[in-house]
Engineer: 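Let me begin by handing over the structure; questions about it come next.
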Amino acid sequence: MSIAGSRFRTYRPRPSPALRLVCFPHAGGAASFYRGWAEHLPDDIELAIAMYPGRENRLPDPHPDTLEGLAADFAASMPQGVPLVLLGHSMGAAVALEVARRMTRPPARLIVSGHPAPHRQRPNDVHLRPDDGLLAELRTVGGTTAGLLDYPEIRKLVLPMIRADYRLIERYRCGPPAPLAIPITALIGRADPEVDEDEARAWESWTRSGFELHTVDGGHFHLVEYQREFVEWLTTLLTNADPRVLPGRKT
C-alpha cells in the first residue's frame, strides 16, 4: 500500500514494500528534491516524500502556525503495516523528529541531516528580513532553489512560501531532550556552515536506542552535491541494518 493523499508523494510505488523511507525536505524544499532517489533504491524500499503546504500539489494550502502543527498533520496521515524510516534534511530534521514523537507506532529509525539537535538550534531571524536579506541567505546555503531565484517571476511565487518555512523553524522551541526509543543517525557536510560536529552530535541526547554521526564531503546540500554516493550509503544503512530494528527486511 502506498501512502495516499496530498500529504505525501510516492514517485515509484512498490506493490509490497518491506520498508518505507519517508523524507522531509528543507525550508523551501519540495517533494521533487528527492525524486531522483527512487530510481536507485532497492525494489523493496518505497520512497515517500512529505509535501509541505504552499507548493506543488498543495499550493493553495495555508501554512500552519507552528512546526509542531505541521508535524502533527503528517503524523496523523502515516499509514500502518509497513516499517518506516524517517529522514529529514535541515528544517526537515526537526519536522521528522516531531513527527516521530507523535506517531502511534514509532518509526524504525530517524535519520537527520544538516541541522543541529533541536535543543542546540541556533537563533536566527531570516524570516524577518526583507526580500534581499532572505535571498542572500538562500544563496549562502545553496541548493537547487538558489539558481531559480534569479528570475523575478519565480521569486514572486516562491519567496512567501520560503519565508513561511523559515518562520516555522526559527520560532520552533522544543525544550530539553526527551529521548526516544528509536535509533538516530545524524549526518553533516564537512563544509556546512549551518551545523558543526558538536551541534550534530547533540542529537544523541534524543535517543536511548543507539546513535551514529557521519561526516561527509560537501556543504549544506551534500545530498545534492554527492547524490549518488549518498543514496548508495543510505541503501547500505537500510539494507544492512539489524533486522530487529527494521522488521520485515530480508536478510
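Residue numbers run from 1 in the order of the sequence given. Because only heavy atoms are used, hydrogens play no part in the values below, and waters and symmetry mates are left out as well, while side chains stay in.
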Engineer: From the options Phe24, Phe221, Phe230, select the one residue that forms a ring pair (Phe, Tyr, Trp, His ring centres under 6.0 Å) with His89.
Structural biologist: Phe221
Engineer: Should Leu97 and Leu180 count as side-chain neighbours, where that means a heavy-atom distance under 4.5 Å?
Structural biologist: yes
Engineer: Quick one: pull up CG in Leu110 and CG in Leu84 and give me the separation to the nearest 0.5 Å.
Structural biologist: 12.0 Å
Engineer: Measure the shortest side-chain to side-chain distance between Arg12 and Leu41 over non-hydrogen atoms and say whether it is less than 4.5 angstrom.
Structural biologist: no
Engineer: Any non-hydrogen side-chain atom of Gln121 less than 4.5 Å from a side-chain atom of Arg173?
Structural biologist: yes
Engineer: Is any side-chain heavy atom of Glu137 closer than 4.5 Å to a side-chain heavy atom of Ile162?
Structural biologist: no
Engineer: Check side chain to side chain contact (heavy atoms under 4.5 Å, CB included) between Ala178 and all other residues, then give those that pass, not counting sequence neighbours.
Structural biologist: Arg101, Trp206
Engineer: Could you tell me whether Arg120 and Asp198 have a side-chain N and a carboxylate O separated by less than 4.0 Å?
Structural biologist: yes
Engineer: List in chain and number order the residues that pass side-chain hydrogen bond (donor to acceptor under 3.5 Å, both in side chains) with Arg58, two or more places apart in sequence or in another chain; answer none if no residue qualifies.
Structural biologist: Asp61
Engineer: Please name all residues satisfying side-chain hydrogen bond (donor to acceptor under 3.5 Å, both in side chains) with Asp131, sequence neighbours left out, ordered by chain then number.
Structural biologist: Arg163
Engineer: Does Glu56 reach the main-chain N or O of Met51 with its side chain, forming a donor-acceptor pair under 3.5 Å?
Structural biologist: no
Engineer: Taking the side chain as everything from C-beta on, heavy atoms only, tell me whether Leu234 gets closer than 4.5 Å to Leu87.
Structural biologist: yes
